[in-house]
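One structure is given below, encoded as structure tokens.
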Amino acid sequence: MGQRIDVNHENIYYGDFLAVEDVNINIEANKVTAFIGPSGCGKSTVLRTLDRMHELIPGAHVEGEVLLEGKNLYDKDVDPVSVRRDVGMVFQRPNPFPTMSIRENVLAGVRLNNKHISKSDADDLVEWALRGANLWNEVKDRLDNPGIGLSGGQQQRLCIARAVAVHPQVVLMDEPCSALDPISTLAVEDLINELKDDYTIVIVTHNMQQAARIADYTAFFNLKAVGQPGHLEYFADTTTMFNNPQNAEAERYISGRFG
Amino acid sequence: MGQRIDVNHENIYYGDFLAVEDVNINIEANKVTAFIGPSGCGKSTVLRTLDRMHELIPGAHVEGEVLLEGKNLYDKDVDPVSVRRDVGMVFQRPNPFPTMSIRENVLAGVRLNNKHISKSDADDLVEWALRGANLWNEVKDRLDNPGIGLSGGQQQRLCIARAVAVHPQVVLMDEPCSALDPISTLAVEDLINELKDDYTIVIVTHNMQQAARIADYTAFFNLKAVGQPGHLEYFADTTTMFNNPQNAEAERYISGRFG
Amino acid sequence: MSSQDKTALQPSGGKTADKVFRGVAYACGILILVVLAAVFLFLFFRAWPLIGGDQKANSETISSFTGGKVSSFWGYVLPLLFGTVLISILALIIAFFVSIGIALFISHYAPKSVATGLSYVIDLLAAIPSVIYGLWGGLILVPAIYPFWNWVANHLGWFPLFAGPAANPQRTVATVAVVLAVMVLPIITSMSRDIFLQTPTLQQEAAYGLGATKWEMIKLAVIPFGRSGIVSASMLALGRALGETMAVLMILSPSVTGYSIKILQASQSNAIASNIAAQCPEANDLGVSVLIGTGLILFLITFIVNFAARKITEKAGA
Amino acid sequence: MAEETKKKNLDGAPVIDFDKFRPTRSSEQYRKGKDMFMSGLIALAFVIACIPLISVLYTTIVNGFKRLNLNFLSYNMTGVVGGNPTPSGGYGGVLHAIIGTLEITGGAMLISIPIGIMCAVYLVEYAHGGKLAMTISLLVDVMSGIPSIVAGLFAFSMFTIVFGPGTINGFEGSVALSLLMLPTVVKSCEEMLKIVPNDLREASLALGVTKQRTITKIVLRTALPGIVSGCILAIARVIGETAPLLMTAGYIASTNVNLFAGQMTTLPVYVYQEYSKLSANCPANATADCVTTIPMERAWAAALVLIIVVLVLNLIGRLVAKVFAVKTER
Amino acid sequence: ACGDNTASTNTNSSSTDSSSKSTPISGDFQGAGATSQQAAVEAWIAGFQGTNPDAKIAYNPTGSGAGVTTFLTGATAWAGSDKALSDDDIAKSKSVCASGQAFDVPVYISPIAIVFNLKGVSDAGKHVNLDAATAAKIFDGKITTWNDPAIQDQNKDLKLPATPITVVHRSDKSGTTQNFVSYFKDQAPDAWTYDLSENWPNEVGQGAKGTSGVISTVKQADGTIGYADFSQVGDLGTAAIKVGDKYNEISAEAGSKVIEDSKLDDTAKGENRVVVKINHATEADGAYPIVLVSYDIVCPAYKDAKQGEFAKAWLTYVTSAEGQKAAQDAAGSAPLPSSLTSQITKSIEAIKTK
Ligand SMILES: Nc1ncnc2c1ncn2[C@@H]1O[C@H](COP(=O)(O)OP(=O)(O)OP(=O)(O)O)[C@@H](O)[C@H]1O
Ligand SMILES: Nc1ncnc2c1ncn2[C@@H]1O[C@H](COP(=O)(O)OP(=O)(O)OP(=O)(O)O)[C@@H](O)[C@H]1O
Ligand SMILES: [Mg+2]
Ligand SMILES: [Mg+2]
Ligand SMILES: O=P([O-])([O-])[O-]
């Protein structure tokens with residue numbers, strides 16, 4: 001079962017620069033929540049605080065709470081490693097491990113965690129994950145070729161396969177389809193639909209049709225002006241967001257009259 | 001005025017691997033031509049042969065002709081440098097020069113030919129190009145900051161500004177909007193619309209709505225199977241392509257029933 | 001393949017390994033400080049008699065090194081320092097441009113198959129020991145280069161650096177600088193080559209896409225990307241040149257004291273490291289202290305040079 | 001709507017006369033010329049560099065080949081008197097020096113490579129440019145400027161203090177060499193680790209992999225070929241050191257395989273000693289087998305052996321790098 | 001150990017050897033010091049091991065100063081040195097030796113040649129005649145061309161060219177230099193005013209590292225002149241030195257003659273010391289006055305009795321006629337004159353072996 005995330009009064013800083021201000025959002029378990037908004041408004045930034053990935057950027061820090069099933073991720077006794085095991089992530093740019101074959105890439109999460117897995121289990125897992133990412137047919141004959149030998153779209157799908165192969169509770173995706181063609185995009189969307197039975201999904205997307213198609217809830221982030229911090233402007237279930245938004249900015253953005 | 005490109009019997013190889021087979025296409029001057037097709041079918045590959053950028057990849061080579069206003073780009077006496085000045089390019093991933101300021105990034109191409117360009121001319125050019133890329137308002141106060149300090153979307157718009165600042169005859173764009181939000185995408189689409197008064201535009205896109213919105217002609221590339229060479233499946237004016245395609249594969253792809 | 005049952009935020013395994021690894025890395029970082037402190041303290045301790053010892057014995061010892069010309073430590077070490085820096089800078093100047101040229105040749109001009117061979121040759125040359133360069137320089141280069149330096153002295157002698165007459169045999173600063181340049185060349189070359197090869201394709205394509213020629217592409221994308229690498233390679237090279245002992249020892253005709261930039265004349269300058277090697281075997285305890293004192297100065301000067309270089313890099317990077 | 005946006009975008013935008021920026025024939029000519037000129041210079045740089053390099057190799061090979069034979073490789077210098085041949089029919093050899101070089105350099109590797117790599121890991125992966133890290137990497141730079149002879153004095157004094165005066169052994173040489181190797185290893189590893197894209201660290205950490213495993217299995221693994229080649233360069237930097245070994249490892253004519261006791265000859269020291277001898281004496285009643293020039297011939301032959309040893313080490317290093325990097329190569 | 005060049009007849013020769021009256025020495029023994037002795041020591045080690053096959057001896061030619069310093073730490077059994085011990089060293093040695101103080105005995109005498117390279121002269125195998133003052137002026141840069149009247153006058157039968165003279169001297173601290181210039185200091189004090197030192201005192205000409213450096217530099221250009229151990233001269237020209245009213249050419253025997261004509265240095269205080277005060281003013285027939293005397297430095301008693309046993313046996317062999325012959329063959333040195341033998345033997349006898 002997926003887990004819910006509650007973000008309370010979150011401020012995010014890059015050094016002294018307040019990038020995102022006072023975010024409050026409740027992300028439901030086993031639902032797909034989409035983040036939309038103009039470029040630079042902090043979608044990626046917020047997303048990365050949900051599995052403490054922002055901590056990799058020196059100086060980046062968070063105020064407020066992020067509760068995963070009621071437990072604050074930022075409590076002192078919480079190990080970011082275990083957070084990231086429970087909350088998986090797929091990035092904007094495909095980043096397969098260049099030293100590994102396609103197969104090893106998919107298994108990386110399991111193998112690197114020192115879990116021993118029998119060859120047949122590994123084969124099953126690889127096939128399951130690659131099928132889910134709609135990549136199986138293209139690569140099944142060259143699983144031992146390096147992952148970076150694939151085209152951009154193929155690489156991204158490989159990364160998705162790698163992330164889901166760990167069976168996280170929550171999967172964060174930062175524009176996972178921006179390098180994919182419509183076919184692959186559709187497959188990924190199907191995958192997301194399927195995954196939400198087991199996991200909670202948060203996805204950043206620029207493609208509003210995509211948000212409308214797959215998300216149960218949509219969060220619209222905005223930016224008052226350049227240099228100002230971004231903020232969560234409006235959060236609603238997707239139907240409301242796209243058909244009857246109760247927020248003027250959101251409506252302008254969605255109808256394309258923004259800017 | 002833009003110039004037309006005619007591709008005749010073009011085969012493209014990466015070393016021994018035939019990536020794209022027998023492409024024949026006539027790209028009209030001052031029109032927008034879109035390349036669509038599934039991932040890995042060779043859209044980027046074909047695009048890069050139109051300004052000989054593929055030559056940078058060791059082993060990549062071309063058979064056949066690419067005529068720019070009747071002159072074969074691959075003739076012995078043609079200098080690839082001048083080809084690339086006449087045929088500009090915008091890439092899939094934003095690639096501003098990391099050591100340069102925003103301003104210097106925009107001017108990089110112009111400076112190659114005009115060592116001494118007056119400050120006011122330079123200022124005008126920078127503003128013109130940045131406005132065209134819908135970036136002016138966001139960066140006008142920090143033109144001397146490094147280009148890589150911008151967000152992904154902003155970086156890509158900067159790269160578009162840099163490409164058009166050279167005022168080429170033809171502009172090739174490889175999924176220029178895949179890292180952009182809808183607002184920026186719209187602005188770029190408008191820019192393309194405007195540019196075609198002066199230039200010929202070729203754009204690779206995964207977003208069929210985009211192709212439908214901006215392209216005058218659309219080329220659909222396809223792949224018989226993985227490992228097989230890609231080829232041009234169907235070429236038509238955009239209205240025909242999206243409303244009444246005379247090709248079964250194209251129809252299936254466009255209606256999303258593909259794969 | 002359904003999801004396993006997991007409770008939220010289970011403590012993960014490997015935490016101890018994580019901590020140990022971190023601790024070891026940290027300790028190794030600190031170790032650098034410890035080692036350097038040890039080296040410094042040792043040098044200082046051994047050079048202490050120069051400051052805290054019998055000053056009369058000190059000046060006698062220094063006099064014995066210089067044939068009575070100089071009896072103060074500074075009078076002894078400063079000309080040596082001048083010579084060391086002169087030789088190293090000349091070597092670096094000669095090597096720098098050639099190295100960058102070769103690095104670019106390998107990374108961007110030569111076909112891939114040739115480039116692999118060439119880089120291998122360069123790597124190999126980095127490994128040629130200084131004693132072999134000493135042999136080669138002293139026995140082969142010195143006589144071979146005389147006509148060239150003689151020509152330089154005759155035609156460019158108005159320039160103080162090349163003031164003639166050129167010594168024969170050419171056991172001069174100029175020849176030593178050439179040998180040191182050859183020695184440090186592979187260092188700069190192989191490091192900058194590695195960096196140049198790492199230049200992101202995207203940057204290079206961006207430059208080409210704007211209609212840049214190959215050289216313009218290199219100026220736009222490759223050099224800026226490699227700049228800090230080039231500087232750090234040059235620093236390594238300078239460090240090696242400053243500390244080079246055997247080749248200088250086996251080639252240079254040194255002076256006892258004095259400052260001179262007449263690089264084509266013999267017995268004009270000397271370098272600290274080779275001076276230590278030349279004097280140490282026959283030196284008594286106090287003599288060794290004096291030599292260690294000069295070593296300490298060399299140590300400090302490399303500190304200053306590297307510090308300055310680092311500041312330059314920082315500025316360039318900002 | 002397109003018209004609207006277009007106006008808005010370029011509202012107030014200056015009108016550009018692009019003809020002004022159009023390349024002129026002369027500027028094009030100039031650029032082309034400059035490009036060719038620079039290509040020429042770059043190729044010339046290569047040719048210029050080749051002259052001394054070829055000369056060094058040629059000299060060493062031609063002079064060294066004369067005495068380089070199995071006998072030279074399988075005997076040491078005991079019982080070699082003047083220019084006379086030894087009972088085995090040779091004129092002495094370098095067996096002891098080869099053993100010494102391999103052991104001493106090996107010792108230096110064992111000390112400095114693990115420390116160097118871990119120090120680089122600390123600098124790149126843990127320190128994030130903190131004050132301590134800045135100090136450390138500054139000091140690493142400084143350390144790379146330590147003259148080899150000072151490193152030798154340092155090791156010499158350390159051993160005399162700890163193990164008593166006059167202590168000379170191979171390991172002491174290893175310590176001196178490791179001091180010289182360490183900064184090279186740290187610097188090159190640091191560069192290599194920095195080049196590993198951050199994407200990969202993020203990807204691994206996002207899979208819930210601990211930092212230690214991310215570093216060892218992704219970062220170091222990805223940087224491995226570079227690290228290996230960096231370490232090879234570092235070894236190359238020290239394997240030919242003469243000055244520090246003269247005072248720490250000493251010189252002995254017989255074979256000593258114990259790194260921790262007794263003097264040890266290394267190849268560079270051997271070359272230097274033979275060069276210092278310059279020529280051997282042949283008494284008036286000597287047979288025709290007595291060779292006066294034998295020390296220089298041995299020096300060149302040993303120099304050639306030294307170069308070959310370096311070559312073999314390089315090959316091994318490269319082979320290792322290739323085996324590990326085999327997947328990225330394709 | 002592995003790779004040793006042991007003669008197959010080794011055991012036979014040792015049993016037939018007449019000098020093996022005492023039990024053979026065994027163990028590890030180290031010496032360090034003067035580079036000048038290196039070739040001779042190699043021969044001595046080989047010879048010594050012929051009768052004492054279980055003795056492992058190493059000599060590290062680090063230089064005289066370092067050799068003495070090391071000896072004074074107790075790390076070596078003996079030191080080789082191109083100059084006699086200083087009073088300071090003698091005092092320090094008391095803490096190293098088991099009893100008494102260290103002493104030095106001459107073991108190696110080698111003439112120092114003035115070598116030159118001059119087209120038409122040296123390559124024709126001809127000598128140049130020089131007296132002390134002329135040589136001193138050449139090496140002090142006062143005489144700068146080969147056809148200077150001062151040289152030409154002494155070489156009536158040679159046609160000397162106007163080639164400029166390039167002086168080549170040692171750039172490192174060296175016993176050879178000190179022994180060489182002490183000749184000028186004694187015989188041409190007006191032309192050579194510098195203090196006596198192991199460092200070359202002026203900046204005339206070119207310096208080169210080691211004897212090998214000097215020889216190769218002299219070979220590299222026309223008009224060069226330098227000084228070097230006689231055994232390294234090769235085919236370079238050498239100067240004949242004016243002794244009395246004759247010009248004597250260099251040879252091992254000629255070098256030996258000047259020592260024979262020299263007295264012991266009575267300023268060298270300390271028991272058992274045999275320090276030669278070279279009589280540069282010798283007028284002995286056929287003597288060549290520029291020589292280097294190199295000493296072995298040992299203790300009269302060692303903390304480790306084995307070392308004492310070795311030191312005694314070593315010096316006995318080295319100074320014996322057999323040992324000197326070996327050195328002469330291997331290094332071209334001059335034999336110790338018989339005038340010194342009894343002194344040396346007495347000193348060696350003083351070494352306690354228990
Ligand atoms: N590493 C960083 N250091 C400093 N500032 C940053 C960093 N990353 C992002 N920012 C700033 O934080 C703000 C939010 O950026 P973020 O990347 O989260 O936006 P985004 O909504 O994901 O944009 P896009 O749609 O272009 O990806 C921007 O103003 C950006 O400039
Ligand atoms: N540098 C290269 N070397 C070898 N093969 C390559 C290279 N680049 C691309 N290919 C291969 O050429 C074919 C076409 O690739 P291309 O990148 O042109 O596809 P695309 O249509 O642009 O895909 P995408 O939509 O994912 O960008 C693919 O099979 C790909 O694997
Ligand atoms: Mg983002
Ligand atoms: Mg593509
Ligand atoms: O034997 P020396 O090297 O001191 O001349």
Side-chain angles (χ1 to χ4, degrees), chain A residues 48 51-59 79-102 104-115 142 144-149 158-159 162-169 171-174 256-257 259, chain D residues 1-2 4-11 123-134 192-228 320-330:
Chain A
R48 291 166 69 93
D51 69 346
R52 298 181 63 170
M53 284 300 280
H54 69 285
E55 292 176 1
L56 306 182
I57 297 162
D79 179 5
V81 171
S82 60
V83 171
R84 293 182 196 134
R85 203 162 303 159
D86 288 345
V87 183
M89 189 152 188
V90 174
F91 298 82
Q92 196 163 359
R93 289 183 183 183
N95 53 5
F97 298 127
T99 54
M100 294 183 184
S101 67
I102 293 169
E104 286 169 336
N105 258 294
V106 176
L107 292 173
V110 179
R111 286 262 166 84
L112 291 178
N113 279 317
N114 270 6
K115 294 225 176 70
R142 41 171 176 162
D144 292 324
N145 286 16
I148 42 164
L158 176 60
C159 293
R162 180 177 65 186
V164 298
V166 199
H167 286 292
Q169 312 275 316
V171 179
L172 311 178
M173 299 186 173
D174 192 349
R257 275 178 291 120
Chain D
M1 192 189 73
E4 218 173 89
T5 326
K6 172 176 170 181
K7 260 209 201 95
K8 192 151 35 80
N9 274 343
L10 291 178
D11 213 13
L123 290 174
V124 178
E125 305 294 332
Y126 286 107
H128 298 301
K131 225 178 190 152
L132 178 66
M134 299 271 279
M192 291 307 143
L193 292 183
K194 276 184 184 160
I195 283 167
V196 175
N198 225 10
D199 288 7
L200 298 182
R201 294 184 183 91
E202 291 194 345
S204 173
L205 290 169
L207 290 170
V209 176
T210 62
K211 189 150 186 180
Q212 174 253 326
R213 284 183 205 133
T214 300
I215 292 169
T216 46
K217 298 197 174 157
I218 302 293
V219 180
L220 287 177
R221 177 65 190 79
T222 307
L224 191 71
I227 290 176
V228 170
V320 169
K322 215 172 189 166
V323 166
F324 280 98
V326 83
K327 285 155 199 152
T328 45
E329 297 282 303
R330 253 178 287 154

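Chain naming here is simple, since letters A, B, ... match the order of the sequence lines and numbering starts at 1 in each.
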Check side chain to side chain donor-acceptor pair (under 3.5 Å) between R48(A) and all other residues, then give those that pass, not counting sequence neighbours.
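For R48(A), the residues satisfying side chain to side chain donor-acceptor pair (under 3.5 Å) (neighbours in sequence not counted) are E202(D).
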
Going by atom types alone, do R201(D) and N95(A) pair a side-chain donor with an acceptor below 3.5 Å?
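The criterion, which ignores hydrogens and geometry beyond distance, is not satisfied for N95(A) and R201(D).
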
Expected output: side-chain [X] to main-chain [Y] donor-acceptor under 3.5 Å:
X       : Y       : value
K211(D) : E125(D) : yes
R162(A) : N105(A) : no
R84(A)  : R52(A)  : yes
R85(A)  : G208(D) : yes

Does any backbone or side-chain atom of F97(A) lie under 4.5 Å from a heavy atom of chain D? Answer side chain, backbone, both or neither.
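For F97(A), the contact with chain D is made by backbone and side chain together.
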
Sort P96(A) into side chain, backbone, both or neither according to what part of it lies under 4.5 angstrom from a heavy atom of chain D.
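Contact with chain D is through the backbone of P96(A) alone.
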
Between chain D and each of M89(A), R111(A), M53(A), count heavy-atom pairs under 4.5 Å; write down the option with the most.
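Top option by heavy-atom pairs under 4.5 Å: M53(A).
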
Any idea which of V110(A), V90(A), N113(A), L56(A) has the most non-hydrogen atom pairs under 4.5 angstrom with chain D?
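Among V110(A), V90(A), N113(A), L56(A), the one with the most close pairs to chain D is N113(A).
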
Count the heavy-atom pairs under 4.5 Å between each of T216(D), T222(D), L207(D) and chain A, then report the option with the highest count.
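Option with the top pair count is L207(D).
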
Per-residue contact mode, I218(D) against chain A (heavy atom under 4.5 angstrom):
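Just the side chain, heavy atoms under 4.5 Å.
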
What part of S204(D) is in contact with chain A, defined as an atom under 4.5 angstrom from a non-hydrogen atom: side chain, backbone, both or neither?
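Both backbone and side chain of S204(D) come within 4.5 Å of chain A.
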
